[in-house]
Every structure is written in C-alpha cells, then in structure tokens.
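Step one of this worksheet: look at the structure below.
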2 protein chains.
Amino acid sequence: MGLIGGSYAKALRRLGVKKIIGVDTDGKVLRQAQEQAVIDEALCGAGPGLQAADVVICSVYPASTLDFVKSAVPFLKSDVLITDATGIKGSLPEDVQRLLTGRMEFIAGHPMAGRQGSGLGMSQAEIFDGANYIVVPAAFNSSGAIEWLSSFAGAIGCGQVVQVDAVEHDRIIAYTSNLPHALAVALINSASYNENTKYFIAGSFRDGTRVADINPYLWSDLFLANRENVLQELAAFSQQLERWREALTVADAQALQEMMREAAVKRKDLY
Amino acid sequence: MGLIGGSYAKALRRLGVKKIIGVDTDGKVLRQAQEQAVIDEALCGAGPGLQAADVVICSVYPASTLDFVKSAVPFLKSDVLITDATGIKGSLPEDVQRLLTGRMEFIAGHPMAGRQGSGLGMSQAEIFDGANYIVVPAAFNSSGAIEWLSSFAGAIGCGQVVQVDAVEHDRIIAYTSNLPHALAVALINSASYNENTKYFIAGSFRDGTRVADINPYLWSDLFLANRENVLQELAAFSQQLERWREALTVADAQALQEMMREAAVKRKDLY
C-alpha cells in the first residue's frame with residue numbers, strides 16, 4: 001500500500017472493482033487506506049484472507065516479491081493470477097513461477113508511471129492515465145494471462161501497451177528510465193551546486209532534476225538489479241558528452257548545431 | 001519579434017504600456033505582430049521611429065546585439081535605457097556601452113525563461129510569470145538603471161530578481177542552464193535511442209529531454225560564447241557519473257543510496 005500499490009488500489013476503485021484487499025506490514029497505513037475507502041479489507045501479511053483474491057498485484061520492493069509470494073502461496077486460489085509492478089525483471093518471472101502450485105500463473109509487467117516521494121499519501125489513480133504499460137511475458141505464460149494483463153492496463157487508464165521479453169526489457173529500461181534518474185541525481189550533486197543555485201535556474205534545470213528526489217532504497221535495488229545494462233548506458237551517454245567536449249574544445253559551431261538538430265528531430269518524434 | 005521579443009511585447013501589453021514598437025528584419029512577422037495587436041508600430045530595422053523609445057530591449061541572437069545597437073544609436077533618445085535578453089554576457093555590457101553617446105546607458109540582464117521552438121507564434125507573456133530574472137550590472141551602470149531593470153522584471157511578472165556581475169553570471173549559467181540543455185541533447189542522441197524508445201518512456205525521460213528541442217543557431221552561439229565555463233561543467237558532471245560508475249561496478253548499495261539521499265535533500269531545497 002505504498003505509492004504504487006496505493007495507486008493501483010485507487011485505480012481499481014475508480015474502475016468499480018468489487019473487492020479490493022490491501023496487504024501491508026504497516027498497520028497504520030492499512031487503517032488509513034481503509035478509512036479513506038481505498039481498500040475494502042486489510043491484511044497485515046499473507047493469510048487466509050488472500051483466498052478471496054482472483055488477482056494479486058505485488059507492489060513491493062524488487063527484493064521482496066519472492067518472499068511475499070512464497071508466504072502467500074498456501075493461501076491463494078489454485079488458479080490465481082499474480083502480477084507485479086517491478087521496474088527490472090531479470091529472472092524474477094521464472095523465480096516466482098517456480099514457487100507456484102496448481103494452475104497459478106505469474107505474468108510480469110509494470111506501468112511506466114511513478115511520482116517523486118513514496119507512500120500511500122502520494123498515491124493517486126491518475127498516475128496511470130495515458131502512461132505506457134509494459135507486459136513482460138515469459139515462455140511459460142498462457143496467452144490468456146498475457147491478454148488479461150494487457151486489457152487490465154487499458155482498463156486502469158494506461159495508453160500504449162507493449163510486450164517485450166525480460167532480457168530486452170531490462171536493456172531498454174536501463175536507457176529510458178534508469179539513466180535519466182542517474183543523470184538527474186548527478187546534475188544536482190555536481191560540485192557546482194550551492195545555496196544560491198535556486199536563483200539562477202529555469203525550466204531546464206527544474207526538469208533535469210525533477211526525478212532527483214527518489215526513494216533511495218527502492219532505487220538502489222533497481223539499479224543494482226540492472227547494473228550491467230546501466231553501466232553500458234552510462235558509457236553510451238559518456239560518448240555523447242565526449243562529442244560535446246570535442247565540439248566545444250575546438251569551437252565547432254557546425255558540430256554543435258548538428259547535435260542539436262539531431263536531438264530536435266528525435267524529440268519531436270517522441271510525441 | 002521572435003520567441004523572447006514577442007513575449008516581452010505581450011508582457012508589456014498586459015502591463016498596459018502606452019506604446020510598443022516592434023523591430024524585426026522580417027516584414028511578415030511584423031505584420032503578424034501588428035495584426036495581433038502585440039505591437040503598436042513596426043520598424044524593419046534601425047530608423048527615425050526609434051526616437052520615440054524610452055527603453056530598448058534587444059532580443060536578438062547574442063552576436064547581433066552589437067550590430068543592432070551600432071545602427072540604432074544615431075536615432076535614439078540621448079537618455080535612452082537599453083537592456084538585453086542574452087543568456088551569456090561576456091564583455092557584451094562594456095562593448096555595447098562603448099557604442100553609446102550622451103547619457104545613453106546599457107544595463108544587461110535576462111529572464112530565466114524560455115520555451116522550446118522559436119518565433120513570434122511561440123511567444124507568450126506567461127513565460128515571465130514567477131521566473132527568476134538576473135540583473136547583470138557593470139562598473140559603469142548607474143543605480144537608477146539597476147533599480148529600473150529590477151522593478152521592470154517584477155512588473156512583467158517575474159519572481160525573484162538577483163544581481164550578479166558578468167563573470168560570475170556566465171560561470172553560474174554554464175551550470176544552471178547550458179549544462180542541462182547539453183545533457184538533454186546528449187540523452188536523446190545516445191546510440192541506444194531507436195524508433196521503439198517512445199513506448200518505454202515515462203516522466204523521467206520526457207522531462208530529461210524536454211529542452212532537447214532548441215534553436216540550434218541561437219544555442220550554438222550561447223554555448224560557444226561560454227565554452228570555457230561549459231567545459232568545466234561537463235568535467236564536474238562527469239565526476240558525478242564516475243561516482244555512479246564506481247558504485248555500480250562494485251555493486252555498492254550504500255554509495256548509491258548516499259548519492260540519492262544527497263540529491264533528494266538538494267532537490268527539496270530548490271523550492
């Protein structure tokens with residue numbers, strides 16, 4: 001029932017889902033979620049209450065998904081569908097599926113959505129609106145599960161839904177998500193930052209550092225789970241910085257303009 | 001009468017200024033500005049029409065300010081106040097002042113405001129609302145001119161107004177403006193970008209590349225006018241990327257979390 005789990009619950013509520021069970025180890029958060037009618041029932045961990053679930057959405061730290069599923073399996077319906085919201089997949093799909101029994105199935109995926117900060121208080125259904133949703137099927141997945149997650153993504157408000165395998169997923173996300181977060185942190189951590197910086201910034205610095213305020217525990221997990229890919233992206237990015245360094249060193253206006261023209265075309269194409 | 005000049009004219013209109021004279025070499029743009037009542041009079045270059053101006057705001061490419069002022073001086077009031085909107089100052093203040101006669105005075109400054117794209121069509125008074133405005137006094141400036149520009153900035157809607165000398169200004173702007181623009185261009189120009197990238201992006205990539213679509217001619221001027229400082233900022237930024245590379249290489253969760261905690265504190269402090 002954190003930022004992402006809370007947002008799922010609110011989106012499910014908006015969708016008119018009959019029964020939403022919130023699971024969290026923090027009783028205070030569960031009471032809050034119930035008082036705000038975000039959830040119908042509260043569970044402080046795996047237990048018999050999970051028997052009622054047709055679908056389980058794991059929105060926990062990447063390292064905790066396996067532990068939670070392991071503890072939940074004895075209580076789950078024999079044909080339950082489990083999905084997650086983890087930004088890096090690695091061997092998670094196979095690892096989770098291996099824990100399951102009967103006709104239980106795990107189908108991996110996640111929205112390309114988030115917010116600064118953390119916790120139920122920051123959650124909102126609107127984070128899904130128009131966001132990309134990535135479905136990450138594994139060899140063991142049924143077409144039914146893949147289709148279900150794709151249509152679920154649309155139902156909670158997401159825009160484009162794409163499918164990609166786990167290896168390719170993690171490689172792409174290193175560029176489109178991990179790298180921009182690292183750059184934002186690096187930009188604001190520069191030795192040039194000081195207490196007067198704020199009087200000299202405009203939109204470019206504001207936007208470039210927006211995601212510099214992220215949950216360090218969640219994100220160190222994500223970065224480490226994908227570190228080989230992220231290191232490659234840092235190298236590819238550094239090659240671009242080297243283009244800048246060279247063009248500036250020799251005062252090459254043509255080269256600078258060429259980089260900016262290339263970027264402008266790509267940026268327009270994004271939308 | 002481009003993006004910035006047009007925005008000044010619209011902000012002056014909003015403020016209720018009596019007479020706004022637009023100057024541009026492009027007759028079509030001038031007609032447009034007049035039809036839209038953005039300006040009251042149009043001049044296709046320096047000429048007797050400038051005699052009416054109490055204040056002149058030069059919103060041209062950095063390299064063109066001197067040429068325009070040189071051609072305008074014979075027509076200007078003997079106590080005219082001239083200011084600019086140039087993002088990099090260098091020796092511009094002294095160079096312009098040297099061209100002036102009588103009690104004419106040049107006071108440098110600019111808003112920390114802008115938009116993607118270029119041209120009158122993209123201009124709007126609202127770009128100033130709440131933006132920082134930097135006043136860059138030189139040794140020759142009168143306190144009257146400095147005070148005038150500061151209160152003018154507030155009148156057109158800007159928030160915080162700060163004063164800093166030209167050398168310090170350019171050093172700071174290399175970090176707070178030039179660097180974020182270079183990073184945005186570098187991020188989208190990475191070899192990892194391809195036609196499917198758009199399906200895997202979220203807010204972090206969107207924000208990190210927002211200013212990747214900029215006017216290449218204007219910005220190559222700005223970057224080259226400030227290249228020593230920008231090169232230093234690229235070096236300082238690369239040191240941060242090196243921290244990332246080292247932490248990821250040895251899978252140091254503590255180091256990653258420390259960088260993110262440091263960034264989160266700074267980011268919160270910006271607002």
Side-chain angles (χ1 to χ4, degrees), chain A residues 112-113 131-132 160 162 172 175-177 180-183 185-186 188-193 197-202 204-205 207-214 216 219-220 223-224 227 230-231 233-234 236-238 240-241 244-245 248 251 253 256-257 259-264 266-268 270, chain B residues 112-113 131-132 160 162 172 175-177 180-183 185-186 188-193 197-202 204-205 207-214 216 219-220 223-224 227 230-231 233-234 236-238 240-241 244-245 248 251 253 256-257 259-264 266-268 270:
Chain A
M112 292 301 291
N132 290 322
Q160 198 87 32
V162 280
I172 295 171
Y175 173 52
T176 61
S177 173
H181 283 86
L183 298 182
V185 169
I188 206 162
N189 278 350
S190 167
S192 299
Y193 182 94
T197 299
K198 57 170 156 288
Y199 304 119
F200 296 90
I201 63 170
S204 63
F205 194 87
D207 288 352
T209 58
R210 189 186 60 83
V211 293
D213 179 9
I214 44 175
W219 280 87
S220 62
F223 278 114
L224 290 180
R227 68 195 186 91
V230 178
L231 282 166
E233 290 307 324
L234 286 174
F237 183 81
S238 293
Q240 292 298 320
L241 287 192
W244 274 91
R245 211 187 56 75
L248 288 168
L256 291 172
Q257 287 168 16
M259 289 192 288
M260 289 187 251
R261 266 194 298 268
E262 186 186 326
K266 286 175 172 171
R267 187 58 170 66
K268 285 189 181 89
L270 273 190
Chain B
M112 292 302 291
N132 290 323
Q160 198 85 34
V162 281
I172 295 172
Y175 173 52
T176 61
S177 173
H181 283 86
L183 298 182
V185 169
I188 207 163
N189 279 350
S190 167
S192 299
Y193 181 94
T197 298
K198 57 171 155 286
Y199 303 119
F200 296 90
I201 63 170
S204 64
F205 194 88
D207 288 352
T209 58
R210 188 184 62 82
V211 293
D213 179 10
I214 43 175
W219 280 87
S220 62
F223 277 114
L224 290 179
R227 67 194 188 91
V230 178
L231 282 166
E233 289 307 325
L234 285 174
F237 183 81
S238 293
Q240 292 298 321
L241 287 193
W244 274 91
R245 210 187 58 75
L248 288 168
L256 290 172
Q257 287 167 18
M259 289 193 288
M260 290 186 251
R261 265 193 300 268
E262 186 185 327
K266 286 175 172 171
R267 187 57 171 66
K268 285 190 181 88
L270 274 190

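Proteins get letters first, then strands, A, B, ... in listed order; numbering begins at 1 in each.
Considering every non-hydrogen atom in both Ala251(B) and Leu224(A), the closest pair reads CA-CD2, 3.6 Å. The two residues Arg210(A) and Ser204(B) come nearest to each other via the heavy atoms NH2-N, 3.8 Å. The two residues Met259(A) and Asn189(B) make their nearest non-hydrogen contact at O-ND2, 3.0 Å.
In this model, a donor atom of one side chain and an acceptor atom of the other lie less than 3.5 Å apart for Gln257(A) and Ser220(B).
With chain A as the partner, the residue from Ser238(B), Ala191(B), Ala202(B) showing the most heavy-atom pairs under 4.5 Å is Ala202(B). Ranked by heavy-atom pairs shorter than 4.5 Å toward chain B, the options Ala182(A), Ala253(A), Ala113(A) are led by Ala182(A). The choice from Ser177(B), Gly208(B), Ala264(B) that makes the most heavy-atom pairs within less than 4.5 Å of chain A is Ala264(B). Chosen from Met260(B), Arg245(B), Glu233(B), the residue pairing most often with chain A at heavy-atom distances under 4.5 Å is Met260(B).
Side-chain contact between Pro216(A) and Leu256(B) is absent, with no heavy atoms from C-beta onward closer than 4.5 Å. Put simply, the side chain of Ile172(A) does not reach to within 4.5 Å of the side chain of Tyr199(B), judged on heavy atoms. Taking 4.5 Å as the limit, some side-chain heavy atom of Leu248(B) sits within range of a side-chain heavy atom of Leu234(A). By the 4.5 Å heavy-atom criterion applied to side chains, Trp244(A) and Leu231(B) are not counted as neighbours. Residues Leu270(B) and Tyr193(A) meet the side-chain proximity criterion, which asks for heavy atoms closer than 4.5 Å.
Atoms OG1 and NZ, from Thr176(A) and Lys198(B) in turn, are 13.5 Å apart once rounded to the nearest 0.5 Å. The CD atom of Gln240(B) lies 11.5 Å from the CG atom of Leu183(A); values are rounded to the nearest 0.5 Å.
Between Phe200(B) and Tyr175(A), a ring centre-to-centre spacing not shorter than 6.0 Å is recorded.
If you measure heavy-atom distances from Gln160(B) to chain A, the contacts under 4.5 Å come from the side chain alone. Contact of Ala131(B) with chain A is not made at all, since no heavy-atom distance falls under 4.5 Å. For a residue to count as touching a neighbouring chain, one of its non-hydrogen atoms must lie under 4.5 Å from one of that chain's; by this rule Val185(A) touches chain B with backbone and side chain alike. The contact between Lys266(A) and chain B is made by backbone and side chain atoms together, counting heavy-atom distances below 4.5 Å.
Formation of a donor-acceptor pair under 3.5 Å by the Ser190(A) side chain with backbone atoms of Ala236(B) is not found in this model. Panel note: side chain Arg267(A), backbone Thr209(B); a donor-acceptor pair is recorded below 3.5 Å. Asn132(B) contributes a side-chain N or O that, together with a main-chain N or O of Ile201(A), makes up a donor-acceptor pair within less than 3.5 Å.
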